Amino acid sequence: MIRDYLTSLFSFSFMILIIIIPLFVVLEILEKRWLRKASWARPFKALGLSTEACFPLLSGLIFGLFYGAGLIIDFLKNSRLNAKETLAILVFLSIFHSAFEDTLLFLAAGANFFLITIPRVILALSVLIVLKYIRIGE
Amino acid sequence: MTEWDDKDDKKYFITSGRSLEMEETFFALALSGLKRGIYTFLDLLKFLLPVYTIIFFLQEGGFLKEWATLFSPYMSIFGLPGEAAIPLILGNILNIYAALGALAGLHLSGAEITIISLMLLISHNQIMEGAVLFKVRPIFVLLVPFRLFLSILVAVTLNPLIHEIL
């Protein structure tokens, strides 16, 4: 029993370690080098968001709601985003954030990649699409 | 040309309280990424280790049976055994790291782990993240029940399909 306990503890922790370390190296480089380039924003602009709105959306999507929280709150309070865009960003992020870290952790636990990713992408994109075609606060 | 000029960049990044140095080398960035990775891993272990230990020995000792029968009528809606309530509750109240500890301690099938993972990815860490949403604008705290509802909806939809897919 103790042996089972230790084997699965060490194999699971090790798997998480070898996922997390390279992930954070990549994310750090992404954040400091590429996040500020506007070309990132293009696919979201097609979904009806302004370039300005894409920054909090992308940082939340990549780095998580909690890590990016200060950034997102400051941004939303200081920017000229309208009520609809703020709503779109928050609803999108509340159901789909920290896309890389959380997904990889559950893959390590044994979940199926497509089944945990596709439904979330569909849900999050449909939020943006629905909000694109309805009028709120305009 | 990029549409975010330097002036805007400063506005975005100064408010974040982080430095604006673009001159950092890849090596320096990789090093700080490594540090962040290690901190995150330690943070994860802080939750994963105690939860995994408790759940593993409760399960081995057969102490989870009552808990499981208590929750199995609700969990069967999602095609899950009663024990699955543990990672779901821990994940929603605490965080994903605690839920991973519980998942590792239980004996669940791939399909069951997939359903639990999907639910938790949509709805997790509700207290802390609810506070963030509240801070943005109090009305957004309504996203807490919304996420919970979505996670249930998705699991109920996926449950009858999953055995045909996996």
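Per chain, numbering begins at 1; letters A, B, ... match sequence-line order. None of these values were measured; they are calculated from a predicted model. In what follows, every heavy atom counts, from backbone to side chain, and hydrogens, waters and symmetry copies are set aside.
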Exercise. For B:K65, does the NZ atom have more than 12 heavy-atom neighbours from other residues, nucleotides or ligands under 6.0 Å away?
Worked result: no
Problem set entry | Among the listed options A:L87, A:T103, A:T117, A:L27, the residue most often paired with chain B at heavy-atom distances under 4.5 Å | A:L87
Exercise. Should we count CG of B:L49 as having more than 12 external heavy atoms under 6.0 Å?
Worked result: yes
Exercise. Is there a path from B:L148 to B:L94 through hydrophobic residues (I, L, V, M, F, W, Y) whose side chains come within less than 4.5 Å of each other?
Worked result: no
Exercise. What part of B:I115 lies closer than 4.5 angstrom to a heavy atom of chain A: side chain, backbone, both or neither?
Worked result: neither
Exercise. Should B:I55 and B:L70 be regarded as members of a common hydrophobic cluster, given that ILVMFWY residues are connected when their side-chain heavy atoms come within less than 4.5 Å of each other, either directly or indirectly?
Worked result: yes
Let me have the donor-acceptor pairs involving side chains of residues 13-21 of chain A, under 3.5 Å, with sequence neighbours excluded, atom names and distances please.
from, atom 1, to, atom 2, distance (Å)
A:S13, OG, A:L9, O, 2.7

Exercise. Under a 4.5 Å heavy-atom cut-off, does chain A meet the side chain of B:I162, its backbone, both or neither?
Worked result: side chain
Exercise. B:F57 and A:Y5: aromatic ring centres closer than 6.0 Å?
Worked result: yes
Seminar exercise, completed: Looking only at B:T53, B:L133, B:L120, B:I165, the option with the highest number of non-hydrogen pairs under 4.5 Å against chain A is B:T53
Exercise. What is the distance from atom CD1 of A:I89 to atom CZ of B:F140, rounded to the nearest 0.5 Å?
Worked result: 9.0 Å
Exercise. Is B:L142 linked to B:F146 within one hydrophobic cluster, defined over Ile, Leu, Val, Met, Phe, Trp and Tyr using a side-chain heavy-atom separation of less than 4.5 Å?
Worked result: yes
Seminar exercise, completed: When the 4.5 angstrom heavy-atom criterion is applied to B:S123 and chain A, the contacting part is neither
Exercise. Once you round to the nearest 0.5 Å, how far does CD1 of B:I116 lie from CD1 of A:I116?
Worked result: 12.0 Å
Seminar exercise, completed: Highest number of heavy-atom pairs under 4.5 Å with chain A among B:L31, B:L166, B:L158 belongs to B:L166
Problem set entry | chain B contact via A:I2 - side chain, backbone, both or neither, heavy atoms under 4.5 Å | side chain
Exercise. Where do B:V154 and A:P119 come nearest, in terms of heavy atoms and distance?
Worked result: CG1-CB, 4.4 Å
For this session: Looking only at non-hydrogen atoms, find the nearest pair between A:F106 and B:S117 and report the distance.
Result: CD2-OG, 3.1 Å
For this session: Could you tell me which non-hydrogen atom of A:A109 sits nearest to which non-hydrogen atom of B:L100, and how far apart they are?
Result: CB-CD2, 3.8 Å
Seminar exercise, completed: Against chain B, residues from residues 120-128 of chain A with at least one heavy atom under 4.5 Å, in numeric order, are A:R120, A:L123
Exercise. Are B:V144 and B:I93 joined in one hydrophobic group, where the rule is that I, L, V, M, F, W and Y side chains link up if heavy atoms are under 4.5 Å apart?
Worked result: no
For this session: Find out if a path of hydrophobic residues (ILVMFWY) with successive side-chain heavy-atom gaps under 4.5 Å connects B:L48 to B:I54.
Result: yes
Seminar exercise, completed: Minimal heavy-atom distance between B:F26 and A:R33, with the atoms involved, is CE1-NH1, 2.8 Å
Residues 93-101 of chain A side chain polar contacts: donor-acceptor under 3.5 Å, at least two apart:
from, atom 1, to, atom 2, distance (Å)
A:S94, OG, A:L90, O, 3.4
A:S94, OG, A:V91, O, 3.0
A:H97, ND1, A:L93, O, 2.5
A:H97, NE2, B:H124, NE2, 3.0
A:H97, NE2, B:E129, OE1, 3.3
A:H97, NE2, B:E129, OE2, 3.2
A:S98, OG, A:D102, OD1, 3.4
A:E101, OE2, B:Y97, OH, 2.7

Exercise. Which of residues 101-114 of chain B get closer than 4.5 angstrom to chain A, counting heavy atoms alone?
Worked result: B:L103, B:A104, B:G110, B:I113, B:T114
Exercise. What part of B:L150 gets closer than 4.5 Å to chain A, counting heavy atoms only: side chain, backbone, both or neither?
Worked result: side chain
Problem set entry | Side-chain heavy-atom pair A:L105, B:L44 within 4.5 angstrom cut-off | yes
